[in-house]
Amino acid sequence: MRAAWFSLVVLATSPALAEPLTTDTASTGDDHAVALAVELGAVGGGGATPGGMRVGGRYLYRMAERDWFDGAVAFTFGRPGVGCGRVPPAGMACDHGVADGFAGDLSLGVRRELGRDPAFVPFVRAAVFARVLRFASDDVTGAAAGGELGAGLRARVSPDLSLIGGATAFAGLARLGNDIGSVGQLGLAITGGAELRMR
């Protein structure tokens with residue numbers, strides 16, 4: 001009887017049982033703290049929103065077991081088509097195609113990882129962005145700010161390398177020169193790339 005009680009006491013105080021086994025990093029096998037990513041894709045714009053091919057880089061820093069700081073720099077390269085003109089009685093307006101113009105974006109946000117399968121990890125992200133934009137053929141330049149929401153999937157290739165893909169919708173307000181003034185920014189970006197996790 002004493003031997004049985006002694007065995008229970010040993011099991012109850014065992015370090016293996018005392019440590020929680022339900023942490024997300026344990027379930028996903030990912031204890032990295034920093035990640036870098038490169039992305040390539042396309043942006044659908046229109047009106048006064050630049051669109052075209054997008055190239056970008058991303059820096060991620062783990063803040064919690066499933067939450068990452070997500071900072072990105074991206075550039076959108078579209079056609080130099082003419083799309084701005086005079087609107088009576090005075091002023092200018094722009095009506096470009098979905099793949100016209102240029103934009104440089106800086107975004108700061110948070111990525112939240114979902115699921116427990118370490119091989120395929122879906123995620124959602126929310127961020128604010130600031131951008132400079134230009135329609136060269138119309139000699140129109142401006143700046144914008146707004147918010148974005150996205151979702152994607154990370155597929156692990158090795159413990160340090162993953163393939164990523166996702167879609168991000170954004171909306172904001174821009175201030176353009178050449179008598180155009182304040183205009184909206186609304187578009188959708190679809191990208192894919194590679195993510196390297198470190199430390």
Side-chain angles (χ1 to χ4, degrees), residues 35-61 63 67-113 122-154 164-195:
L36 298 175
V38 292
E39 298 176 344
L40 178 65
V43 178
T49 304
M53 181 182 72
R54 170 168 285 197
V55 179
R58 197 171 295 278
Y59 171 82
L60 298 124
Y61 179 80
M63 301 185 299
D67 297 328
W68 295 73
F69 165 79
D70 187 336
V73 175
F75 299 94
T76 300
F77 301 94
R79 300 172 302 190
V82 175
C84 298
R86 289 286 172 186
V87 176
M92 293 275 288
C94 293
D95 188 18
H96 288 93
V98 296
D100 291 349
F102 165 83
D105 290 37
L106 170 66
S107 66
L108 303 174
V110 176
R111 176 196 287 189
R112 173 77 168 189
E113 295 190 337
F123 60 85
V124 293
R125 61 181 299 272
V128 294
F129 72 86
R131 69 169 28 172
V132 293
L133 59 150
R134 178 167 173 78
F135 297 101
S137 297
D138 295 308
D139 194 23
V140 170
T141 304
E148 55 186 43
L149 295 173
L153 179 69
R154 180 170 66 87
I164 54 173
T168 300
F170 62 87
L173 186 66
R175 182 73 179 179
L176 303 183
N178 206 2
D179 295 328
I180 297 173
S182 298
V183 293
Q185 298 285 285
L186 184 65
L188 177 68
I190 298 176
T191 59
E195 183 175 294

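Just so you know, these numbers use all the heavy atoms, side chains as well, and skip hydrogens, waters and symmetry mates.
Under the ring-ring contact (aromatic ring centres under 6.0 Å, His included) criterion, the residue pairs touching residues 127-153 are His96-Phe135, Phe129-Phe170, with sequence neighbours excluded. Residues in residues 170-179 take part in these side-chain hydrogen bond (donor to acceptor under 3.5 Å, both in side chains) pairs, two or more places apart or across chains: Arg175-Ser182.
In this structure, Val183 and Cys94 have side chains that are not in contact, with every pair of non-hydrogen atoms separated by 4.5 Å or more. The shortest distance between side-chain heavy atoms of Leu176 and Leu133 falls below 4.5 Å.
Partners of Ser137 under the side chain to side chain donor-acceptor pair (under 3.5 Å) rule, at least two apart in sequence or in another chain, do not exist in this structure. Listed by chain and residue number, Phe77 satisfy the ring-ring contact (aromatic ring centres under 6.0 Å, His included) test with Phe102 (two or more places apart in sequence, or in another chain). Among residues two or more places apart in sequence or in another chain, the salt bridge (Lys or Arg N to Asp or Glu O under 4.0 Å) test is passed with Asp95 by none. Taking the side chain to side chain donor-acceptor pair (under 3.5 Å) definition, one finds that Arg134 meets it with Asp139, Thr141, sequence neighbours left out. The side chain to side chain donor-acceptor pair (under 3.5 Å) check on Arg131 picks up Asp105, Gln185, with sequence neighbours excluded.
For the residue pair Gly71 and Leu108, the shortest heavy atom distance occurs at CA-CD2, 4.4 Å. Nearest approach of Gly83 to Asp138, heavy atoms of both residues: N-OD2, 3.0 Å. Here the closest heavy-atom approach between residue Ala194 and residue Ile164 is recorded as N-CG1, 4.1 Å. Taking both residues in full, the closest heavy atoms of Ile180 and Cys84 are given as CD1-SG, 4.1 Å, listed atom of the first, atom of the second, then distance. Scanning all heavy atoms of the two residues, the minimum distance from Ala189 to Val43 falls at CB-CG2, 3.8 Å.
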Would you be so kind as to tabulate the donor-acceptor pairs closer than 3.5 Å made by side chains of residues 45-59, with sequence neighbours excluded?
residue: Thr49; atom: OG1; partner: Leu186; partner atom: N; Å: 3.1
residue: Arg58; atom: NE; partner: Glu39; partner atom: OE2; Å: 3.1
residue: Arg58; atom: NH1; partner: Asp70; partner atom: OD1; Å: 2.7
residue: Arg58; atom: NH1; partner: Asp70; partner atom: OD2; Å: 3.4
residue: Arg58; atom: NH2; partner: Glu39; partner atom: OE1; Å: 3.1

Expected list for residues 143-152: side-chain donor-acceptor pairs under 3.5 angstrom, two or more places apart:
residue: Glu148; atom: OE2; partner: Arg125; partner atom: NH1; Å: 2.9
residue: Glu148; atom: OE2; partner: Arg125; partner atom: NH2; Å: 3.3

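In this structure, CE in Met63 is found 10.0 Å from CZ in Arg112, a value given to the nearest 0.5 Å.
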